Peer 1: 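Below is a structure I'd like to ask you about.
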Amino acid sequence: MAVARNLLGARLVRVIGEERRSGRIVETEAYRPGDPASHAFRGETSRNRSMFGRPGLAYVYFTYGSCHCVNVVCEPEGVGAAVLIRALAPEEGAAGMARARGRESDLASGPGRLCQALEIDRRLDGVDLLASDVLYLAAGDPVRDSQVASTPRIGISRARDLPWRFAVAGDPHLSRRARSHATA
DNA sequence: AAGCCGATCTTCT
DNA sequence: GAAGATCGGCTTG
């Protein structure tokens, strides 16, 4: 999907009081209407409600008892589609991310990790990523087509064959599963 | 380097 | 009752 590909290189910025933490998006994954792997597939629930909101909103969910993940809603209101942000290359506020993560490496190289590093949880579900001043998207360095790897999605059991995962080829900050998975 | 396990919330069967 | 858009630690090879 176009939005997932075009988010590569953009920045995700988190402001916590006086502190700024940000990173360049290096890995995304698209979840579209009619997609059996999408949280929206079985209709609207209290958890996925914001996925059906207007484009640019954040959909933040909690899973596996311990991990949050952020998505960017990208279809008109009522449709139910989003792009999962899977990995960031840390830029501003790496020290704060390390504090939040309790480690110095792999600060944002995974969908759950980046939420921990940026202190994103369900309280940020539904914020407008194009207007908020606590969590928002900003322009970054565009990524050339020659650097983009488009491959099957990871971490799901249904519709695995759809090539809707996008990554900056060879980037050192890709998610663990992207690294063990062939990234061609 | 790769694979299993536990943690433990939300939804679905 | 089980599986899931995961992570980190431990075990095995």
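Since the structure is predicted, the reported quantities are computational estimates derived from the model, not experimental observations.
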Peer 1: Output the rounded distance in Å from OH (A:Y61) to P (C:dT6).
Peer 2: 6 Å
Peer 1: What interatomic distance, in whole Å, is found between P of C:dA5 and the corresponding atom of B:dA2?
Peer 2: 23 Å
Peer 1: For A:D106, answer base if it contacts any base atom (sugar-phosphate contacts may also be present), sugar-phosphate if it contacts only those atoms, and nothing otherwise; contact means non-hydrogen atoms under 4.0 Å.
Peer 2: nothing
Peer 1: Between A:R177 and C:dT6, is there a contact of a side-chain N or O with OP1 or OP2 at under 4.0 Å?
Peer 2: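 Yes, within the criterion.
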Peer 1: Rounding to an integer number of Å, can you tell me how far A:M51 CE sits from B:dT11 P?
Peer 2: 14 Å
Peer 1: What integer distance in Å separates A:I156:CD1 from C:dA5:C1'?
Peer 2: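 One finds 7 Å between C1' of C:dA5 and CD1 of A:I156, rounded.
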Peer 1: Same cluster or not: A:Y136 versus A:L12, using hydrophobic residues (I, L, V, M, F, W, Y) connected whenever any side-chain heavy atoms lie under 4.5 Å apart?
Peer 2: no
Peer 1: Run the side-chain contact (heavy atoms from CB on, under 4.5 Å) check on A:R14 and A:E19 step by step: do they pass?
Peer 2: CA-CA 8 Å; A:R14 174 83 167 106; A:E19 193 179 342; over 6 Å; no
Peer 1: Where along residues 35-49 of chain A does a heavy atom fall under 4.0 Å from DNA chain C?
Peer 2: A:A37, A:H39
Peer 1: With rounding to the closest Å, how many angstrom separate the P atoms on C:dG13 and B:dC5?
Peer 2: 14 Å
Peer 1: Report yes if a side-chain nitrogen or oxygen of A:R176 is closer than 4.0 Å to either non-bridging phosphate oxygen (OP1 or OP2) of B:dA2; otherwise report no.
Peer 2: no
Peer 1: Please give, in whole Å, the distance from C:dA5 P to A:F166 CZ?
Peer 2: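 Answer to the nearest Å: 19 Å.
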Peer 1: Roughly how far, to the nearest 0.5 Å, is OH of A:Y31 from CG of A:L84?
Peer 2: 6.0 Å
Peer 1: Between A:R86 and A:T28, do the side chains contain a donor N or O and an acceptor N or O under 3.5 Å apart?
Peer 2: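 No, because no side-chain N or O of A:T28 sits under 3.5 Å from a partner of the opposite role on A:R86.
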Peer 1: What is the distance, to the nearest angstrom, from the CD atom on A:E27 to the C1' atom on C:dT6?
Peer 2: 13 Å
Peer 1: Does CZ in A:R101 sit with more than 12 non-hydrogen atoms of other residues, nucleotides or ligands closer than 6.0 Å?
Peer 2: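 More than 12 heavy atoms, drawn from other residues, nucleotides or ligands, come within 6.0 Å of this atom.
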Peer 1: Between C:dG4 atom P and A:R153 atom CZ, what is the distance in whole Å?
Peer 2: 14 Å
Peer 1: On DNA chain C, nearest-nucleotide positions of A:L114 versus A:S157: which is more 5'?
Peer 2: A:S157
Peer 1: Heavy-atom nearest nucleotide on DNA chain C for A:R113 versus A:G155: which residue maps closer to 5'?
Peer 2: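 The answer here is A:G155.
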Peer 1: Surrounding CZ of A:R122 (heavy atoms of other residues, nucleotides or ligands, distance under 6.0 Å), is the total greater than 12?
Peer 2: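 Correct, the count exceeds 12.
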Peer 1: Any Lys/Arg nitrogen of A:E92 or A:R20 sitting under 4.0 Å from an Asp/Glu carboxylate oxygen of the other?
Peer 2: yes
Peer 1: Would you please confirm or rule out a distance under 4.0 Å between OP1 or OP2 of C:dT6 and any side-chain N or O of A:R86?
Peer 2: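 Checking C:dT6 against A:R86, a side-chain N or O does come within under 4.0 Å of OP1 or OP2.
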Peer 1: Starting at the 5' end of DNA chain C, what dot-bracket string do you get if Watson-Crick and G-U pairs under 3.5 Å are bracketed, crossing pairs use [ ], other-strand pairs use | and unpaired bases use dots?
Peer 2: ||||.|||||||.
Peer 1: Let me confirm one number: the OG-CG distance from A:S175 to A:L88, rounded to the nearest 0.5 Å.
Peer 2: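 One finds 11.5 Å between OG of A:S175 and CG of A:L88.
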Peer 1: Treat each ILVMFWY residue as a node, draw an edge where side-chain heavy atoms are under 4.5 Å apart, and state whether A:F41 and A:L162 are in one component.
Peer 2: no
Peer 1: Before accepting this row, confirm whether a basic side-chain N of the pair A:R179/A:D171 lies closer than 4.0 Å to the acidic partner's carboxylate O.
Peer 2: no
Peer 1: If you measure from the ring centre of A:Y64 to the centre of the six-membered ring in the base of B:dA7, is it under 5.5 Å, with the planes under 30° apart?
Peer 2: no
Peer 1: Once you round it to whole Å, what is the distance between P of C:dC7 and CG of A:L107?
Peer 2: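 Rounded to whole Å, this separation is 13 Å.
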Peer 1: For A:R101 and C:dG8, is the shortest distance between a side-chain N/O and OP1 or OP2 below 4.0 Å?
Peer 2: yes
Peer 1: Starting from P on B:dT11, measure out to CZ on A:R158 and report it in whole angstrom.
Peer 2: 18 Å
